[in-house]
Each structure stands twice: as C-alpha cells, then as structure tokens.
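Naming convention: chains lettered A, B, ... in sequence-line order (proteins, then strands); numbering from 1 in each chain. Remember, it's a predicted structure, so these values are computed and weren't measured experimentally.
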Amino acid sequence: MVAACLPRERLRPLAGWLLLLSVGSVAAGRIEDQTEQFFRSGHTNNWAVLVCTSRFWFNYRHVANTLSVYRSVKRLGIPDSHIVLMLADDMACNPRNPKPATVFSHKNMELNVYGDDVEVDYRSYEVTVENFLRVLTGRIPSSTPRSKRLLSDDRSNILIYMTGHGGNGFLKFQDSEEITNIELADAFEQMWQKRRYNELLFIIDTCQGASMYERFYSPNIMALASSQVGEDSLSHQPDPAIGVHLMDRYTFYVLEFLEEINPASQTNMNDLVCPRSLCVSTPGHRTDLFQRDPKNVLITDFFGSVRKVEITTDTISLQPDLEITESSYKKDRMDEELMEPLKYAEQLPVAQIIHQKPKLKDWHPPGGFILGLWALIIMVFFKTYGIKHMKFIF
Amino acid sequence: VPPEVVRGKRAALFFAAVAILLGLPLWWKTTETYRAPLPYSQISGLNALQLRLMVPVTVVFTRESVPLDDQEKLPFTVVQEREIPLKYKMKIKCLFQKAYRRALEHEEAALSLGSMQEAETMLAKSQKQAEGSLTVYVISEHSSLLPQDMMSYIGPERTAVVRGIMHREALNIVGHQVIQVAQAMSLTEDVLAAALSDHLPEDKWSSDKRRPLKSSLGYEITFSLLNPDPKSHDVHWDIEGAVQRYVQPFLSALSAVGNFSVDSQILYYAVLGVNPRFDPASSSYYLAAHSLPHVINPVESRLGSSAASLYPVLNFLLYVPELAHSPLYIQDKDGAPVATNAFHSPRWGGIMIYNVDPTVYNASELPVRVEVEMVRVMEVFLAQLRLLFGIAQPQMPPKCLFSGPKSEGLTTWELDQLLWARSVENLATATTTLTSLAQLLGKISNIVIKDDVASEVYSAVAAVQKAAEELASGHLASAFIASQEAVTSSERAFFDPSLLHLLYFPDDQKFAIYIPLFLPMAVPILLSLVKIFLETRKSWKKPEKID
C-alpha cells in the first residue's frame with residue numbers, strides 16, 4: 001500500500017535513486033549487449049570437410065557416420081557449395097546392399113541418411129591422403145572444379161569430421177596408406193598461416209582418436225575424439241537384414257543430439273558430451289588452443305551457417321529510357337507469339353542403333369608377332385629333331 | 001705383426017674414412033629437400049614497409065580569389081602529411097601534394113559562366129585527369145557560381161570548387177579547406193579501414209557490417225528471378241535491356257577494378273526458406289528482420305553459382321511472392337516496412353521482393369501477366385552493388401554542396417577511392433602471403449621450393465616494392481596494376497601444388513627406412529674402429545710398462 005503523498009524532503013533522494021536505477025539498468029543493458037558481442041564468434045561463413053576413409057562392405061558404419069553428419073550439417077543450413085564430402089566407398093549402390101540406394105543409421109531403418117540430394121565431392125579412390133591435404137591447404141591443381149575446393153577465408157568456421165580405422169598417432173586411408181598426427185598438425189598450421197580459417201572444430205571417430213589431436217599447435221582449434229589413446233571406439237548395433245553394423249556409438253550420439261538442434265537454437269558445445277552408458281569408450285576433447293570458452297560456443301557456430309544481412313535503405317536514382325522500354329516490350333510480345341514450341345534435339349539416332357547389322361570384319365594377314373612366333377617354333381623343332389623331317393612337312 | 005692384420009686394419013680404416021668423409025656428406029646432400037634460394041631479407045623488410053599514399057592536388061586560383069600579394073607568390077608546391085591511425089603493423093601515411101598555380105584564360109572564362117554545370121562541361125573539355133589526382137578551383141568570395149551559404153562544391157568528375165577569401169592568412173585558410181575537400185574525395189580513414197578489415201585485429205565493440213568484397217581479378221554477377229507460383233503469375237522481365245541500359249555503364253565505369261561478367265536466370269517453384277507472417281493491421285504479409293538470415297541458405301543451392309566460374313559470384317535475386325502471400329513486405333527491427341523491400345548480405349549479394357500490383361488481378365484470369373518495372377529494380381540492385389563493393393555514402397565537409405553521381409551511379413573519384421582501397425588491400429594481402437610462406441618454410445622442413453615457385457616469389461616482392469613506389473609518387477593506375485600483379489604472383493607461389501611434394505614423409509618414418517640400410521653397414525665399421533683404437537692405446541702403453 002503506497003502512502004497517499006510523500007513528504008517533500010523524501011521525494012528528492014527517491015527521485016535521485018530512481019534516476020540512478022534507470023541509468024544503471026540502461027548501462028547494464030548496454031554492457032550486456034557488448035559482452036554478448038564480445039563472446040560471439042567473428043565468423044561470416046561456414047564450411048565443412050567430412051571424410052570417410054575406409055572402404056569395403058563391412059565398413060558400412062563409417063560411411064553411415066559421415067553421411068549422418070552431412071545430413072545434419074545440411075539441415076542446419078550449410079549449403080552443398082560449402083561442404084566437401086569425401087567417401088571412400090559407395091555403400092548405397094554396393095552390390096551387397098539388400099536395400100539399394102539407401103544407407104541407414106538405425107537398425108529399424110528409421111532414418112535413411114543417404115537421401116535424395118547427396119553431393120559427394122571426392123568418391124572412391126579419389127579419397128587419398130594427398131587429396132585430403134591438398135583440400136585443406138588449398139594447393140590444388142588449377143583444373144580442379146569449384147565444388148572440390150575449400151574456398152574458405154579468414155572469417156570461416158570450418159568443421160572437419162573424420163572417421164575410419166585408426167591407431168596411436170595415425171588414421172588409415174583406403175587400407176593402403178595412413179595420415180599421421182604430425183602431418184595433420186602441419187596441414188592445420190599451413191591453413192593458419194594463410195588465414196584459411198577463423199575457428200576450426202575437429203571431430204574424429206576412430207579407435208584411439210585422441211592421439212590425432214595431440215600434436216596440434218595452431219591457435220583456434222577445438223578437437224573432439226571418440227576415444228582415448230589405448231581405447232577402442234565401438235560400433236553401435238548390427239542390423240540383421242543388412243548384415244553389418246550400421247553406425248558407431250559416438251557418432252550415433254552426436255546424430256541424436258543434432259536432430260534436436262534447429263538453426264536458431266542456443267545450445268553450446270559443453271552440452272555435447274556423450275554419456276558412458278552410450279559410448280562405452282571415453283570421449284576426449286582439447287580446448288587449450290581455442291580462445292573462447294566452450295560454453296560460449298554455440299553448436300550452430302560450426303554445424304550451422306550464419307549470414308550477416310543488412311537492410312538496404314538507400315537507392316540510387318536512374319533515368320528510365322521510356323521510348324526504348326516501349327519498343328522492346330512490343331518486340332518481346334511479337335517474338336513470343338512467333339516462336340515455335342521448343343523440343344529436345346535429336347541426340348542419338350536410336351532407330352539406327354537398334355536395327356544395326358553386325359559389321360563384317362575385313363581379313364588381315366597375320367602380323368609380325370605371329371609370324372615370328374611360328375618361325376621360332378619351327379626352328380626349335382628342326383634343331384631338335386634334325387633337318388631330315390623337313391620333307392614330311394613340306 | 002702379421003701383414004694380414006696390418007692389411008685388415010688399413011682396410012677397415014679406409015672403409016671408415018670413405019663412409020664418414022665421402023658417404024655422410026653425399027647422403028646429407030642428396031636427401032635434403034630442394035629449396036631454391038628466396039629473398040628472405042627482402043620479405044622480412046616488406047613487413048616494415050612504410051606506405052605513403054600521395055594524392056596530387058592542383059589548386060587553381062582565379063583572379064579575385066585571394067589578395068594580390070598572395071597571388072604574387074604563385075606558383076609553388078606544398079606537401080602536407082597525415083598519418084592514418086590504424087592498428088595495423090604496416091604504417092600508412094597520407095600525403096597531399098598541393099601544387100598552387102594561377103588560372104589560365106579558358107579556366108577563368110569557364111568559371112565566370114552562370115551555372116556550375118556549364119562551368120564543369122567547359123572545364124572537362126580541356127584536360128583529362130589521371131587517376132588519383134584532383135583539381136580544386138578557388139573562386140572569388142562573391143562569385144555567384146556557388147549558392148551564398150555554401151563554401152565548397154564537389155563535382156562528379158575529379159574537380160571541386162572552393163570559395164576564396166580576402167584575408168591576410170588567405171593561403172592558409174584556403175589550403176585548409178582544400179585539404180578537407182580533398183580528403184572527402186580521396187582517402188578517408190573509413191575507406192582504408194574497410195579495405196583492411198580482414199587484416200586489422202577484430203574490434204569487438206564495433207559492428208562488422210561493412211565488409212566489402214575481397215579484391216579479385218574478376219567478378220561474376222548473376223541476376224535471378226524467382227517465381228514460386230507460376231500458376232498465378234506469368235512473370236516477364238526485360239533483363240537484357242536493363243543490363244545493357246543500367247548495369248553495363250556502371251560496370252564499365254568500374255572496369256579498372258576487374259573483369260565483370262553478367263548472367264541471368266529464371267527459377268520456377270523456388271521458395272524462400274522462411275514462412276511469412278500475416279499482419280492483420282495492414283492485411284499484408286511480412287518477414288521479420290531476425291528471420292532474414294535464414295532466407296538465403298535454402299535458395300542458394302538452386303542458384304547454381306558454384307558452377308559459374310572461379311571468380312567470386314554476386315547474386316541478385318528478385319522474388320515475386322505467391323498469390324497466397326501477397327503483398328509481402330520486409331520489416332526492420334522496429335517493425336516498420338522497409339521502403340526498398342530489399343536486403344543484402346556482405347560478400348554474397350542482395351534480395352529484393354517485388355509485389356505485384358493488385359489491380360492486375362481484377363481484369364484477367366490466372367495466370368496474370370506481370371511485367372517487371374526494371375528501373376525500380378535496378379535502382380535497388382545498383383545501390384546494393386555499390387554497398388557490396390564498399391562504396392559508401394561520401395562524408396561531406398560542412399557547408400559543402402555535392403552534385404550527386406553521374407548517370408552511371410558512380411563518380412570518378414569514388415572509383416579512385418576504390419582503387420586506393422584495393423591497392424592497399426592487395427599490398428597487405430601480398431605481404432601477409434609472402435611472410436607466411438617464409439615462416440612456414442622455417443617451421444616445416446619438408447616443403448620443397450622449385451625454381452618456378454622461387455621466380456614467382458621474386459616477382460611478387462619486386463611488384464610490391466614497385467607498387468609502394470608508385471603510390472608514393474601518386475600514380476594510382478600503375479600502382480593498382482602492380483599491386484594486382486603482386487597478389488597474383490604471391491598467391492600462385494603459396495598455393496603451388498608442388499609445395500606439398502614431401503609433406504607426408506615425417507622424420508620418424510625416415511628412421512624406419514634408413515636403419516635397415518645403414519645399421520648392417522655401420523656396426524662392423526664402428527666395431528673395427530673401436531678395436532683398432534683400443535689396440536693402439538695398448539701399444540702406446542706397452543713401452544712404458546717395459547720401461
């Protein structure tokens with residue numbers, strides 16, 4: 001209950017307190033705004049490099065891992081032109097796949113991560129250590145198409161996801177070569193020197209994955225691994241219909257986590273922790289090279305794509321050429337009425353191909369090789385058995 | 001001592017000598033990574049390069065502009081220096097070289113004409129000015145060429161007019177005004193800060209709204225018409241005519257900056273990724289400002305921009321909303337509809353929403369024919385193109401009349417500003433690339449430098465030095481070309497595929513290769529050397545014992 005009127009001596013300090021409070025709240029609001037900006041990442045575009053390094057049908061789960069991360073990253077906004085997807089083998093069209101054109105991530109075939117618009121940039125034997133390092137460092141031959149390049153700049157946040165079979169300090173590529181943690185660290189250093197990234201998130205899902213990030217020495221890198229040195233990363237569950245393990249545990253958890261994220265969510269990296277009951281191995285992380293605190297790093301900073309937009313407020317003034325507008329309008333109308341309906345050009349003479357008769361091949365005399373071979377045989381025969389047999393031949 | 005033992009000892013010693021004196025250096029030399037010599041000292045000198053940007057200004061005095069005794073002092077030249085306060089390690093100094101002189105006859109005649117336009121046309125006929133230079137005409141205090149309250153005027157070409165004064169300190173005052181005008185037309189702190197925005201340390205308190213396109217040899221501009229509802233709207237746009245009439249003149253004015261190529265496309269059934277909301281107050285649909293960032297991503301995959309070329313692509317989209325969502329307006333943060341109905345994204349392009357005139361629906365049945373008014377659309381797109389290139393609204397000094405841009409939409413000195421900004425940016429990029437290459441070569445010992453890469457580095461260093469010299473002497477056009485060469489050569493050297501030759505061959509794997517080869521050879525040699533040494537020591541000791 002408020003007093004009907006306050007004595008005047010009390011009003012002045014009260015007004016003073018009110019004024020101070022309001023100024024304080026405005027100032028606090030501005031400071032809050034500014035601190036929020038301070039902790040926000042300074043990136044303007046996002047890239048993703050997703051690599052699956054193993055081939056053969058029983059490594060189905062590695063392809064499914066990579067495709068599920070690809071799917072999440074696309075759903076959260078990164079366009080195909082900013083994703084470099086490297087798959088070492090084709091599981092969807094593999095002859096051993098009982099459900100062709102699909103790659104499932106869960107045993108009840110709930111989620112087909114292959115989808116309708118997968119764009120694989122490096123496929124099959126193109127996934128090599130050399131190509132991977134060339135993509136990262138940008139030292140690509142000039143004939144490479146744009147979709148196979150990592151055209152990042154110094155305001156790009158890059159997500160690098162690798163999966164396959166690995167060991168202490170190396171990752172196996174294609175069952176024939178390997179990439180060591182030193183090479184990876186050197187590649188990141190080359191990227192840093194040319195300022196090809198603003199911040200980098202490196203996720204690896206292999207056995208002993210933590211060894212791969214031990215040697216990093218460039219700033220602004222955060223690394224996550226599915227298991228520590230000496231531990232194995234385990235696969236999730238097999239599917240009896242397809243006959244192989246469908247996904248790895250760590251990436252399965254990451255996929256479940258990402259399915260609940262939308263482009264506007266505020267979840268941060270500290271929430272991405274796989275519990276022991278789900279991932280039997282101990283996931284590792286490395287944040288000492290990263291400048292911001294992980295709890296201020298949004299998931300969408302790396303998995304989604306942000307665009308800075310600005311409203312256009314000014315225009316310039318142009319003088320329209322009125323007469324030319326009129327005449328071109330009339331010309332367009334006339335052109336359209338006169339044009340014939342369009343149709344496809346004849347590309348192949350199909351009728352001719354179907355009804356072709358087999359061509360008779362011309363006879364050629366035997367070549368030098370055949371003649372030489374027979375001469376050798378005859379010489380050996382006569383050397384062995386003697387010239388007297390000649391009269392029986394000729 | 002039996003001769004075989006002596007022979008054996010000598011043989012072992014020879015083996016050891018050949019292995020150590022001949023073999024070891026030979027192995028070392030043949031297995032080192034090939035590095036052609038690079039000018040490391042010059043590269044580290046580039047870091048400390050002091051950039052001096054000279055703007056040559058010609059100040060022309062008419063007869064009654066300044067007192068007579070000041071006029072006696074003409075012609076002379078004065079250089080004024082200003083350091084640009086940027087937090088960048090490459091220091092930038094701005095020099096205005098003012099050459100004062102008296103007006104020639106035809107200039108006097110031109111400046112005594114009635115209106116500014118006539119004066120400018122007459123003046124423009126006489127001389128063609130080089131890029132980067134300016135001419136300022138000083139007219140008398142009471143001249144009627146300028147309106148009474150205006151002290152100066154900035155024209156669309158590289159000319160300006162300043163009012164003189166009859167005062168003791170006339171030359172100083174006029175000089176100060178000339179500097180103000182010249183700064184507005186050439187180099188301001190904002191222009192350089194925007195150009196170097198990638199190299200300056202991120203200032204967390206400032207908004208990074210202005211992020212102009214990175215300097216490149218060419219650009220690809222794509223105009224797309226998005227029609228999500230062809231059943232209701234049969235949209236036609238005369239894009240070829242509009243490009244020819246409005247865009248090409250603008251791009252030819254900008255042709256010094258790079259090669260431009262323009263293409264256009266029409267996309268059907270392309271929707272924006274965001275559902276517009278209905279506003280019952282104005283019975284229209286709107287897109288809120290915070291949902292605009294999510295509009296671009298779903299539509300970008302359909303634009304086909306990645307297949308176009310290796311140059312950076314600028315996309316300009318014209319969206320004709322569906323009948324169910326017409327009319328559609330963009331709201332800014334305060335909830336007011338935006339006049340242009342357009343927004344843009346730095347380094348990507350712009351989107352404009354074109355609402356169909358509702359009267360068209362009354363007459364005919366669906367689909368209605370919609371003829372897009374290209375003038376209105378191009379006004380917005382060209383304004384967005386200016387902003388994307390970093391050509392901002394000019395900051396005028398006080399009491400200054402600005403004539404406005406020419407019909408192309410770009411004044412000549414705005415082009416000069418762009419060239420200054422690009423030259424500085426190119427030099428910064430080239431210097432950073434060369435320095436990073438030198439640092440990398442120090443850190444990672446496995447990188448190979450072939451001869452052609454080395455020659456690119458040499459030409460890049462020479463081009464940087466040439467560009468700096470040309471900037472210091474005020475030749476903007478040749479400085480810009482040299483800076484572009486510097487960037488191209490340095491990028492070519494850094495990104496040459498041959499540098500990666502031996503990268504995946506780390507040191508610990510080399511041991512695995514050498515040990516099976518060298519160990520079987522080294523063990524007998526070392527053991528025999530040890531044996532010889534011990535025996536020799538024993539034979540030295542022996543004579544002492546007998547004694």
### Task
Give the C-alpha distance, both sets of side-chain angles, the deciding distance and a yes or no for side-chain contact (heavy atoms from CB on, under 4.5 Å) between A:Arg195 and B:Thr432.
CA-CA 9 Å; A:Arg195 297 292 183 274; B:Thr432 331; 5.6 Å; no
### B:Thr429 OG1 to A:Asp154 CG distance, which is reported to the nearest 0.5 Å
9.5 Å
### Task
Output the distance between atom OG1 (A:Thr313) and atom CZ (B:Phe343), rounded to the nearest 0.5 Å.
14.5 Å
### Task
Side chain from CB out, backbone as N, CA, C, O: work out which of these in B:Met374 comes under 4.5 Å of a heavy atom of chain A, or both, or neither.
neither
### Query
Which heavy atom of B:Ile296 sits nearest a heavy atom of A:Val309, and at what distance?
CD1-CG1, 4.1 Å
### Message
Heavy-atom pairs under 4.5 Å with chain A: which of B:Val295, B:Thr433, B:Ile351 has the most?
### Response
B:Thr433
## Note on the structure
If one checks every heavy atom of B:Ala342 against chain A at 4.5 Å, the contacting part turns out to be both
### Message
Once rounded to the nearest 0.5 Å, what's the spacing between atom CG of B:Leu292 and atom CD of A:Glu310?
### Response
11.5 Å
## Note on the structure
Bottom line for B:Val338: the part with an atom under 4.5 Å from chain A's heavy atoms is side chain
### Message
Just checking A:Lys148: does its NZ atom have more than 12 heavy atoms from other residues, nucleotides or ligands closer to it than 6.0 angstrom?
### Response
yes
#### Entry: A:Asp186 and B:Lys443 ion-paired at < 4.0 Å
no
### Message
Atom OH of residue position A:Tyr217 - does it have more than 12 heavy atoms of other residues, nucleotides or ligands inside 6.0 Å?
### Response
yes
### Message
Can you tell me which portion of B:Glu379 sits under 4.5 Å from chain A's heavy atoms? Options are side chain, backbone, both or neither.
### Response
both
### Message
Can you confirm whether A:Asp116 is buried at CG, in the sense that more than 12 heavy atoms of other residues, nucleotides or ligands lie under 6.0 Å from that atom?
### Response
no
### Message
Before you tell me yes or no, could you show the steps for B:Leu440 and A:Lys194 under side-chain contact (heavy atoms from CB on, under 4.5 Å), namely the whole-Å CA-CA distance, both residues' side-chain angles and the distance that decides it to 0.1 Å?
### Response
CA-CA 10 Å; B:Leu440 264 182; A:Lys194 193 61 181 73; over 6 Å; no
### Task
Please look at A:Arg75 and chain B and tell me whether the side chain, the backbone, both or neither of the residue comes under 4.5 angstrom of a heavy atom of that chain.
neither
### Message
I need the residue from B:Gly350, B:Ser345, B:Ala289 with the largest number of non-hydrogen atom pairs under 4.5 Å to chain A.
### Response
B:Ser345
### Query
When you measure from the centre of the six-membered ring of B:Phe495, is the NZ or CZ of A:Arg134 under 6.0 Å away and within 45° of the axis?
no
### Message
I'd like to know whether CD of B:Gln248 has more than 12 heavy-atom contacts from other residues, nucleotides or ligands below 6.0 angstrom.
### Response
yes
### Message
To the nearest 0.5 Å, what is the distance between CG on A:Asp153 and CZ on B:Arg347?
### Response
5.5 Å
### Query
A:Gly304, A:Ser142, A:Pro145, A:Ser305: which one forms the most heavy-atom pairs within less than 4.5 Å of chain B?
A:Ser305
## Note on the structure
Okay, B:His294 and chain A: the region with an atom under 4.5 Å from a heavy atom over there is side chain
### Query
Taking atom CD of A:Gln193 and atom OG1 of B:Thr435, what is their separation to the nearest 0.5 Å?
9.5 Å
### Message
Between A:Arg146 (side chain only) and B:Tyr311 (backbone N and O only), is there a donor and an acceptor less than 3.5 Å apart?
### Response
yes
### Message
Does any backbone or side-chain atom of A:Ile140 lie under 4.5 Å from a heavy atom of chain B? Answer side chain, backbone, both or neither.
### Response
backbone
### Message
One pair to check against side-chain contact (heavy atoms from CB on, under 4.5 Å): B:Gln439 and A:Glu189. What are the steps and the verdict?
### Response
CA-CA 10 Å; B:Gln439 276 179 358; A:Glu189 174 66 14; over 6 Å; no
### Task
Dump the intermediate steps for side-chain contact (heavy atoms from CB on, under 4.5 Å) on A:Thr315 and B:Arg376, then the final yes or no.
CA-CA 9 Å; A:Thr315 57; B:Arg376 189 156 64 96; over 6 Å; no
#### Entry: Contacting moiety of B:Glu491, where chain A heavy atoms sit under 4.5 Å
side chain
### Interface moiety of A:Phe132 toward chain B, non-hydrogen atoms closer than 4.5 Å
neither
### Query
If you round to the nearest 0.5 Å, how far is CD of B:Gln384 from OG1 of A:Thr312?
3.5 Å
